[in-house]
Enquirer: 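The following block contains the structure, expressed as structure tokens.
Here the structure is a predicted model, which is why all the values come from computation and not from measurement. Index from 1, following the sequence.
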Amino acid sequence: MANNDKNEPLLLEPQNTAAQKAKGRLNQRRFLRSRSAPHTDHAPLVTKDNESIPLSESILGNLHPSFKNVLIILTVYLGVGTLIFYLVRNQIKGMKTDRFLDALYFTIVTMTTVGYGDLVPNSDLTKLLACAFVFSGMALMGLILSKAADYLVEKQEVLLIKAMHMHQKAGPSEILKELEINKTRYKFILVLFLLLILVIVGTIFLVTVEKLDFIDALYCVCSTITTLGYGDKSFSTQAGRIFAVFWILTGTICLAQFFLYMAELNTESSQKALVKWVLTRKMTNVDLEAADLDEDGTVGAAEFVIYKLKEMGKITQEDITLVMKEFEELDVDQSGTLSVSDITLAQSS
């Protein structure tokens, strides 16, 4: 931008009578969308149950690593762990059922840090292997498997919204809007629902297959999914350990996601409360002076938006400085506006 003794306004406007009149009608005008901006009304559609629903990043998840990669890494981890502990099975003591199944079961229990104590390392080698697998397993649980949980949850968000509004005729745009506004809340509800199902299924299984009474079964379920693993109650039959291989992995991940979404929901509620306060409180002269970035005595639309976003905590002064720096680099002719010629010259330099 041109440097002179007078501060340049944040957005330059033609200094004529028509522009001054238009400024007074600012609140009655609609902001024009940039021709290069994506149109949300024309988002790609996906057909589900004979109803088109706009695709969005929240539905697809755009997860990294992808769900396929998660399954591959998990399969490799479990495969290697099962093979290793199968080869050293004679150095593991405890209640055993099937050699291969016990090795897989021990890998899962170690990975999820449940550690019942029904199978324990009995040599220096197996103790070192257990240490290696518990740390690598925790890394997988934290960095990769949670992505799989996000993937599965987000795939069911639209179905949940449709179920909760089944008596209302909600179209694709209404569903997408509801999804974006209450995304965290729906994730929390879905994970809570899944967690309750896992607790009920696990309790019923322990009562019917492992022959535990109801209290002991519920006690074993809770100590397992919280990875407490006292060890006095566990899966001791062959059928029980086959079930445990899938149930323990799913249950521990689900509980971790439940607390994660609970924390996110609390943070989001606080953020929404702050936004509501910012948008409803009355502007004062002090606010007007703070919002007047170019110090010309008036506050334009861009200045007002920036000030409000800063109050909401959505942007910082550092963010604004970085954006303005990029603008100045692109404004090759230092006219205070960007044009096609500016972009062309900036790309060629």
Side-chain angles (χ1 to χ4, degrees), residues 74 77-82 84-86 88-89 91-146 148-149 191-192 194-260 262:
L74 176 60
Y77 176 89
L78 295 179
V80 172
T82 302
I84 290 176
F85 290 118
Y86 175 81
V88 297
R89 61 188 181 278
Q91 301 177 46
I92 298 176
K93 66 177 181 179
M95 296 182 295
K96 297 183 179 180
T97 56
D98 178 80
R99 292 177 294 181
F100 176 81
L101 178 60
D102 288 342
L104 178 59
Y105 171 76
F106 183 78
T107 304
I108 293 289
V109 170
T110 302
M111 173 187 183
T112 56
T113 70
V114 171
Y116 286 124
D118 49 355
L119 291 175
V120 295
N122 195 31
S123 68
D124 292 341
L125 175 62
T126 50
K127 289 177 181 178
L128 290 174
L129 288 172
C131 291
F133 271 86
V134 72
F135 278 110
S136 57
M138 290 176 68
L140 280 176
M141 293 284 285
L143 299 177
I144 299 177
L145 295 182
S146 63
V191 172
L192 176 60
L194 179 58
L195 185 61
L196 290 175
I197 290 177
L198 288 170
V199 170
I200 294 172
V201 170
T203 303
I204 293 174
F205 184 89
L206 286 167
V207 170
T208 56
V209 178
E210 295 290 335
K211 305 304 179 182
L212 300 179
D213 59 47
F214 175 76
I215 299 299
D216 286 341
L218 181 61
Y219 163 77
C220 182
V221 165
C222 293
S223 64
T224 299
I225 62 176
T226 57
T227 71
L228 190 58
Y230 285 121
D232 51 343
K233 304 295 179 182
S234 62
F235 297 88
S236 57
T237 64
Q238 185 172 346
R241 289 187 176 177
I242 293 175
F243 172 80
V245 164
F246 302 98
W247 182 82
I248 291 175
L249 191 61
T250 307
T252 51
I253 293 173
C254 188
L255 184 65
Q257 290 300 112
F258 171 77
F259 287 119
L260 174 63
M262 180 185 291

Enquirer: Rounded to the nearest 0.5 Å, what separates atom SG in C220 from atom CD1 in I215?
Expert: 13.0 Å
Enquirer: Could you state the interatomic distance from CG (D98) to CD1 (I242), rounded to the nearest 0.5 Å?
Expert: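 So the gap between those two atoms works out to 8.0 Å.
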Enquirer: Should L206 and F235 count as side-chain neighbours, where that means a heavy-atom distance under 4.5 Å?
Expert: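 Yes, at least one pair of side-chain atoms sits under 4.5 Å.
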Enquirer: What closest approach, in Å, do Y230 and S223 show between heavy atoms, and which atom pair accounts for it?
Expert: CD1-CB, 4.4 Å
Enquirer: Are Y219 and D232 side-chain neighbours, meaning at least one heavy-atom pair lies under 4.5 Å?
Expert: yes
Enquirer: I need the minimum non-hydrogen distance between A103 and Y86, along with the two atoms involved.
Expert: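 Closest pair (atom of A103, atom of Y86, distance): CB-N, 3.6 Å.
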Enquirer: So among V201, V209, T237, which one has a side-chain contact (heavy atoms from CB on, under 4.5 Å) with F243?
Expert: V201
Enquirer: Which heavy atom of L101 sits nearest to which heavy atom of Q238, and what is that distance?
Expert: CD2-O, 3.3 Å
Enquirer: Please report the shortest heavy-atom distance between T82 and F100, naming the atom on each side.
Expert: CG2-CE1, 3.5 Å
Enquirer: Donor-acceptor pairs under 3.5 angstrom involving side-chain atoms of residues 108-117: please list them, not counting sequence neighbours.
Expert:
from : atom 1 : to   : atom 2 : distance (Å)
T110 : OG1    : F106 : O      : 2.7
T112 : OG1    : I108 : O      : 2.8
Y116 : OH     : T224 : OG1    : 2.4

Enquirer: I need the L195 CG to I200 CD1 distance, nearest 0.5 Å.
Expert: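 Output value for this atom pair is 10.0 Å.
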Enquirer: Please step through side-chain contact (heavy atoms from CB on, under 4.5 Å) for the pair M95 and S234, ending with a clear verdict.
Expert: CA-CA 10 Å; M95 296 182 295; S234 62; 4.1 Å; yes
Enquirer: What's the spacing between K211 NZ and D216 CG if we round to 0.5 Å?
Expert: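 It comes to 14.5 Å.
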Enquirer: Rounded to the nearest 0.5 Å, what separates atom CD1 in I225 from atom CG in L249?
Expert: 13.5 Å
Enquirer: Got L140 and L74 here, is their nearest side-chain heavy-atom distance under 4.5 Å?
Expert: no
Enquirer: Does K96 use its side chain to pair, donor to acceptor, with the backbone of R89 at less than 3.5 Å?
Expert: yes
Enquirer: Below 6.0 angstrom between ring centroids: does that apply to F85 and F133?
Expert: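 Yes; F133 has its ring centre under 6.0 Å from that of F85.
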Enquirer: With a 6.0 Å cut-off (strictly less than), is the heavy-atom count around CG of D213, excluding the residue itself, greater than 12?
Expert: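 Yes.
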Enquirer: Is there side-chain contact between R241 and D118, with heavy atoms separated by less than 4.5 Å?
Expert: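 Yes, side chains in contact.
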Enquirer: Tell me, with the steps shown, if L78 and V245 meet side-chain contact (heavy atoms from CB on, under 4.5 Å).
Expert: CA-CA 10 Å; L78 295 179; V245 164; 5.9 Å; no
Enquirer: What's the separation between atom OG1 in T203 and atom CG in L198, rounded to the nearest 0.5 Å?
Expert: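 Separation between the atoms: 10.5 Å.
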Enquirer: Filter on side chain to side chain donor-acceptor pair (under 3.5 Å), then keep only pairs touching residues 125-138, sequence neighbours left out; what's left?
Expert: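 Sorted result for residues 125-138: S123-T126.
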Enquirer: Does any part of the side chain of L260, heavy atoms only, come nearer than 4.5 Å to the side chain of Q257, both counted from C-beta?
Expert: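 In short, these two side chains touch, coming nearer than 4.5 Å.
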Enquirer: Go through the structure and list residues passing ring pair (Phe, Tyr, Trp, His ring centres under 6.0 Å) with F258, not counting sequence neighbours.
Expert: F188
